[in-house]
Amino acid sequence: MAATQHFLDLGQFTKDELRKILDLAHALKAKLKEGEKPPLLEGKMLAMIFDRESTRTRVSFDVGMRQLGGQTLMLTGDEMQLSRDETIADTARVMSRYVDAIMIRLLSHDDLEEMAAAATIPVINGLTRFSHPCQIMADILTYEEHRGSIEGIKIAWQGDCNNVLMSWIQAANHFNCELKIACPEQYKPNQAMQAEIDATNGRVQVTQDPLAAMQDADLVITDTWVSMGDLDATIRREILSPHRVTAELMAEAKPDALFMHCLPAHRGDEVTSDVLDGPQSVVFDEAENRLHAQKAILCWVFGIEELK
Ligand code: CP
Ligand code: NVA
């Protein structure tokens with residue numbers, strides 16, 4: 001029997017595998033624009049478990065699964081026995097008897113891995129404190145639509161070293177991108193992220209200078225300063241403020257650089273309105289592309305690699 005194909009992290013894949021999933025996402029999007037919704041996952045049931053808030057992940061997986069002819073079950077950790085100490089492994093074993101795949105958002109990446117180890121069906125990472133791989137698949141799709149190949153581009157990250165950045169580090173490593181991270185000393189990469197950076201052989205670099213990271217950047221990315229699970233919001237806002245992406249900071253990148261943010265955004269904190277709502281911003285394309293990326297990931301975990 002073939003191994004269960006989970007989607008937990010971009011680091012688990014080869015570059016060729018990610019390329020195939022991205023190509024499938026482009027193809028599924030093109031089909032949808034032609035009005036076609038191939039029922040590739042007819043008869044499949046996806047359980048979606050949300051232990052934390054979500055708009056895009058929740059809606060894009062739900063709509064994506066339905067467009068592919070499948071069905072969804074929406075669950076929250078609170079309403080499951082998980083909240084009364086049933087183990088994540090037992091939950092995985094039970095769910096594996098009912099549904100065909102699980103997409104889960106929870107803070108603990110260890111719990112996600114424990115779930116995947118116990119499940120006999122595919123498990124998809126809908127965001128943990130460690131990483132957010134589904135988002136970065138949509139981001140790459142978006143870059144490629146606007147500018148062509150992601151291969152070898154220069155990326156500037158401003159602000160907190162969080163889950164979205166972790167998945168970008170892994171993507172940069174696969175696609176030979178130069179990623180410059182500008183962050184304050186207090187919120188520099190933790191040990192796990194530093195290990196990931198070290199594995200890129202210099203492709204990913206860290207600086208405390210917001211301007212230095214922007215030089216020659218094709219793509220500028222930021223994210224909230226207060227991720228789910230962060231407790232020190234007031235201090236974070238103060239310390240991270242030099243990394244706010246303003247029009248002046250954007251002007252340090254290439255003139256045609258794109259601006260990305262996974263959303264939800266906090267105008268005036270990590271990015272000013274003129275940038276977020278300005279001509280270089282592709283944030284709503286990123287949000288739309290969650291749908292197409294999610295559909296490709298769903299197909300992939302069910303063994304469908306291309307449109308026939
Ligand atoms: N970007 C993202 O994952 O959004 P949600 O938290 O709304 O799912
Ligand atoms: N870094 C953010 C992403 C939200 C989609 C968080 O973890 O809250």
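Read the numbers this way: they start at 1 and go in the same order the structure lists the ligands and their atoms. Please read these numbers as outputs of a predicted model, since none were measured by experiment.
Residue contacts with ligand 2: His132 is placed with no nitrogen or oxygen under 3.5 Å of a nitrogen or oxygen of the ligand (distance criterion only).
Proximity to Ser227 (heavy-atom distance under 4.0 Å) selects the following atoms of ligand 2: 1 (N), 2 (C), 6 (C), 7 (O), 8 (O). Ligand 2 places these atoms under 4.0 Å from at least one heavy atom of Asp223: 1 (N), 2 (C), 3 (C). Against a heavy-atom cut-off of under 4.0 Å, Leu127 is close to the following atoms of ligand 2: 3 (C), 4 (C), 5 (C), 7 (O). Interface of Asn162 with ligand 2, defined as ligand atoms under 4.0 Å from a residue heavy atom, comprises 1 (N).
Counting only heavy atoms from C-beta outward, the side chains of Glu196 and Met166 approach each other to under 4.5 Å. Proximity of Tyr187 to Leu240: side-chain heavy atoms (C-beta onward) are separated by under 4.5 Å at one or more points. Looking at Ile197 and Pro189, their side chains come closer than 4.5 Å, going by heavy atoms from C-beta outward. Side chains of Met250 and Thr246 form no contact here, defined as non-hydrogen atoms less than 4.5 Å apart.
Heavy atoms of Asn163 found under 4.0 angstrom from ligand 2 belong exclusively to the side chain. Contacts between Asp160 and ligand 2, counted as non-hydrogen atom pairs separated by less than 4.0 Å, are absent for every part of the residue.
Expressed to the nearest 0.5 Å, how far CD1 of Ile124 lies from CZ of Arg105 amounts to 13.5 Å.
Sorted by chain then number, the residues whose non-hydrogen atoms approach ligand 1 to under 4.0 Å are Ser54, Thr55, Arg56, Thr57, Arg105, His132, Gln135, Cys262, Leu263, Arg290.
The only option from Glu34, Glu36, Glu145 that meets the salt bridge (charged side-chain N to carboxylate O under 4.0 Å, His left out) definition with Lys29 turns out to be Glu145.
The closest donor-acceptor contact from the side chain of His6 to the backbone of Val123 lies under 3.5 Å. With Glu238 contributing its side chain and Thr234 its backbone, the two residues share no donor-acceptor pair below 3.5 Å.
Among all non-hydrogen protein atoms, the one lying nearest atom 8 (O) of ligand 2 is Met228 N, 2.8 Å.
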Evaluate the salt bridge (charged side-chain N to carboxylate O under 4.0 Å, His left out) criterion for residues Arg58 and Asp62: first the C-alpha distance (whole Å), next the side-chain angles of each, then the deciding distance (0.1 Å), finally the verdict. CA-CA 6 Å; Arg58 176 184 170 133; Asp62 197 349; over 6 Å; no
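We find that Arg19 and Glu144 are joined by a salt bridge, their nearest charged nitrogen and carboxylate oxygen being less than 4.0 Å apart.
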